[in-house]
Number of protein chains: 2
Amino acid sequence: MYSSHLLPSAGSAVPSVFDGPTEPLTLDCLFAGQPADKFAAGEGVFWEGDTASDICQIVEGCLRLYRILPDGRRAIMGFRFAGETLGLSCEGTYCYTAEAVTPVRLRRLSRARLRAMGEEVRPLQPLLLAKVFEEIRAARQHIIVLGQLGAEERTAHFLVSAARRTGADRRRPVTIELPMTRQDIADYLGLTIETVCRVLSKLKRDGLVALEGRHRIVLLRMTNLQHLAGEFDDAEPQAPTWTPAKWPH
Amino acid sequence: MYSSHLLPSAGSAVPSVFDGPTEPLTLDCLFAGQPADKFAAGEGVFWEGDTASDICQIVEGCLRLYRILPDGRRAIMGFRFAGETLGLSCEGTYCYTAEAVTPVRLRRLSRARLRAMGEEVRPLQPLLLAKVFEEIRAARQHIIVLGQLGAEERTAHFLVSAARRTGADRRRPVTIELPMTRQDIADYLGLTIETVCRVLSKLKRDGLVALEGRHRIVLLRMTNLQHLAGEFDDAEPQAPTWTPAKWPH
DNA sequence: CGGAAAATTGACTTACATCAAACTCAGTGG
DNA sequence: CCACTGAGTTTGATGTAAGTCAATTTTCCG
C-alpha cells in the first residue's frame with residue numbers, strides 16, 4: 001500500500017499510482033498556513049549539527065548551504081531559491097548550515113506536524129519522497145561536476161543549471177540572477193574566486209555570456225554553454241563500450 | 001504512523017545501518033529466499049538507463065558503479081561489496097552502470113515483490129529509508145572529497161573509509177582488500193592512475209601504509225591517515241585548535 | 001560623493017596531468 | 001618448472017590548468 005511510494009514503479013518521477021484528485025495538493029498547501037520568518041542577508045537559518053526539527057520552504061530570497069571543514073575550508077553544498085525546500089533529507093541533525101544570501105522569508109513546518117499531516121493526507125508521501133530522490137540526483141550530478149570537469153566546464157554547468165532552475169525555456173538569451181558572491185560560487189564549484197572570475201571573463205570575451213553588474217548574467221549562447229558543460233545530465237543513453245577487464249589474481 | 005519512517009524523529013537514526021547483517025529483521029531475510037545470479041569479472045549487472053526493476057544484494061564479490069560521460073570519461077560513483085545493496089535509490093531507471101570487479105554472486109528482488117512484502121512486514125520501511133539516507137550521506141561526503149581535498153587527502157580518505165567499511169576496529173594495522181584496479185580508484189577519486197600510484201608510493205615511503213601485492217594494503221598509521229583525510233566525517237566536533245591553513249593541495 | 005567590500009586582472013608558482021619508459025606479476029604453454 | 005606474454009602498475013620527465021600573491025578597478029550603499 002503505502003510502500004508503493006517508497007518503491008515507485010518504473011516510469012514517471014512522482015509515482016502516479018495513487019494520484020486521484022491531484023491538483024490542489026502540494027507541499028505548498030501545507031506551508032501556506034505557516035507564518036513566514038524573516039532573515040537578513042548573512043543571517044543563519046540553522047546550523048550543521050542542530051536538531052533537524054523543521055522542514056523549510058523559501059517564500060522569497062536565496063540561501064547557501066555549506067559545511068566548514070576542520071581546517072577552515074568552506075564547502076558549499078548548494079543554493080536554494082524561492083519555492084524550494086530544505087532540511088528534508090537530513091536525519092536527526094542538519095548536515096549543513098543554511099545562511100541567507102539575500103534577505104529571506106521562509107515558512108517552517110515541524111517534522112512532527114508534517115508527520116501528523118502525512119497520516120491524514122495520503123498522497124503526501126510520494127511528494128516528499130520525490131524531493132529526496134531529487135536531492136540524490138542533484139548530489140550525483142555535483143559529484144560528476146567536481147570529479148570530472150575542468151574550471152570552464154564547471155562554471156558553464158553552473159550557469160546552465162541555474163538557468164534551468166528558473167524554468168526559462170532553453171531558447172535564446174536567458175537572463176539569470178546570481179545573488180551569491182563569486183566566493184560562494186567558487187566554494188560551490190571547488191575553485192578559487194580568481195578562477196571563477198577568469199572563466200566568466202573568458203566566457204564574456206568569447207561572446208557566450210554578458211555580465212550585467214555583479215549579480216546578473218545573460219546567457220547568450222545556451223547551446224555552446226551546454227556543450228561546454230558536458231551535457232551529461234540530459235537523456236542520451238551512451239552505448240556501453242566497457243573493457244572486459246578481468247580479475248587479476 | 002508510517003510517515004514517521006519518512007520523517008524520523010530527531011535523535012538516533014536507525015541503528016547502525018552499515019553494520020554487518022544483524023539478526024532479527026533485515027533485508028537479508030527477504031533476499032535469503034532469492035536465487036543467486038553469478039557474474040564473471042568485468043561483466044555488467046545492469047546498465048545506466050535500464051529500467052530499474054530490481055534491488056540487488058551482493059552475496060559475494062565487488063562491483064563498480066559508474067557513468068560514462070559523452071566524451072568518454074568514466075566517473076565511478078562508488079563500489080559495492082558483499083552484504084551491500086544497490087539499485088534502491090534510483091527512480092525509474094538505473095542512474096549508473098554496475099559491473100563486476102571480481103566474480104560476483106548476488107540476489108535480486110523485484111521492486112514489485114519488495115513492495116508486496118513491505119505491506120506485510122511493517123518494519124521494512126525504515127530499513128529501506130535508512131539506506132536511502134545513507135546514500136545521500138555518502139554522496140555528500142564524496143562531494144566534499146572531490147571539491148575540497150587534494151590528491152593525498154582524497155586517497156587517504158578512500159583508504160580510511162574502505163577500512164571503516166570492513167568494520168575493522170580503528171586500532172592498529174588494518175589490512176584492507178582493494179579488488180579494483182588503480183584506474184578504478186583514480187576514476188572514483190577524480191585523479192589519474194599515475195597520481196594514485198604516486199600518492200600510494202608516498203604513503204608507503206612515509207610509513208603510513210604497506211603495499212602487499214596489488215590488491216592488499218595495510219594501514220599502519222590509521223591516526224595519521226585519518227588526519228590526512230580531513231576527519232570531517234566522524235562525530236568528533238573537532239575543536240578548531242588548528243591554524244587556518246590556506247588552500248594547500 | 002566617499003569609502004569599503006567585492007570583483008577583476010596580472011605575474012608567478014605549484015599540484016596534478018600527460019607522455020613515455022620500465023617494471024611486476026599472474027596466467028599460459030612448452 | 002620456467003620462459004613468455006600482456007595487462008596492470010610504477011616511476012621519471014615535462015606540460016599545463018588552476019592556485020597564490022598582489023595590485024587595481026568596479027560596484028554599491030550610506
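Proteins come first, then strands; the chains are lettered A, B, ... in the order of their sequence lines, and each starts at number 1. Keep in mind that the numbers below use all heavy atoms, side chains included, and drop hydrogens, waters and symmetry copies.
- Considering only side-chain atoms of Arg182(A), the nucleotide from dT20(D), dA18(D), dA7(C) that sits closest is dA7(C).
- Counting heavy-atom neighbours within 6.0 Å of Arg216(A) CZ, excluding the residue itself, gives a total of 12 or less.
- Atom P of nucleotide dA7(C) and atom CG of Leu178(A) are separated by 11 Å, given to the nearest angstrom.
- A centroid separation of less than 6.0 Å is found between the aromatic rings of Tyr94(A) and Phe46(A).
- Between the NZ atom of Lys202(B) and the P atom of dG12(D) there is a distance of 15 Å, rounded to whole Å.
- Distance Leu149(B) CG to dG19(D) P: 14 Å, rounded to the nearest Å.
- Here the P atom of nucleotide dT16(D) and the CD atom of Glu152(A) are 16 Å apart, to the nearest Å.
- Across all strands shown, Gly150(A) has heavy atoms under 4.0 Å from sugar-phosphate atoms exclusively, and none from any base.
- Residue-level contact check: Leu191(B) touches the backbone only, with heavy atoms under 4.0 Å from sugar-phosphate atoms and none from bases.
- In this structure, the nucleotide among dG8(D), dT10(D), dT8(C) sitting nearest to the side chain of Arg214(B) is dG8(D).
- When the nucleotides dT9(C), dA17(C), dT10(D) are ranked by their closest atom to the side chain of Ser201(A), dT9(C) comes out on top.
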Discussion item. Between Glu135(B) and Arg140(A), is the salt bridge (charged side-chain N to carboxylate O under 4.0 Å, His left out) condition met? List the steps.
Written reply: CA-CA 10 Å; Glu135(B) 285 215 43; Arg140(A) 290 198 175 117; 3.1 Å; yes

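- We find that CD of Glu153(B) is positioned 12 Å from C1' of dA15(C), with the value rounded to whole Å.
- If you measure from atom CG of Leu200(A) to atom P of dT26(D), you get 17 Å, rounded to the nearest angstrom.
- With dC16(C), dA17(C), dG19(D) as the choices, the nucleotide that has an atom nearest any side-chain atom of Thr192(B) turns out to be dA17(C).
- You'll find that the side chain of Ile193(A) is closest to dT8(C), out of dA17(C), dT20(D), dT8(C).
- Side-chain N or O atoms of His142(B) include one that pairs as donor or acceptor with a backbone N or O of Tyr188(B) at under 3.5 Å.
- One can find a donor-acceptor pair under 3.5 Å joining the base of dC21(D) and the side-chain atoms of Glu194(A).
- Between dT10(D) and Arg198(B), no contact under 4.0 Å exists linking OP1 or OP2 to a side-chain N or O.
- Computed from coordinates, the Leu211(B) CG to dT24(C) P distance equals 14 Å when rounded to whole Å.
- Of the candidate nucleotides dT9(D), dA7(C), dA22(D), dT9(D) has the atom nearest to the side chain of His215(B).
- Other residues, nucleotides and ligands place no more than 12 heavy atoms under 6.0 Å from the NE2 atom of His227(A).
- Each of Thr195(A) and Gly213(A) lies near DNA chain D, and the nucleotide nearest Thr195(A) is the one positioned closer to the 5' end.
- Here dG8(D) presents its C1' atom at 12 Å from CD1 of Ile185(B), a figure rounded to the nearest Å.
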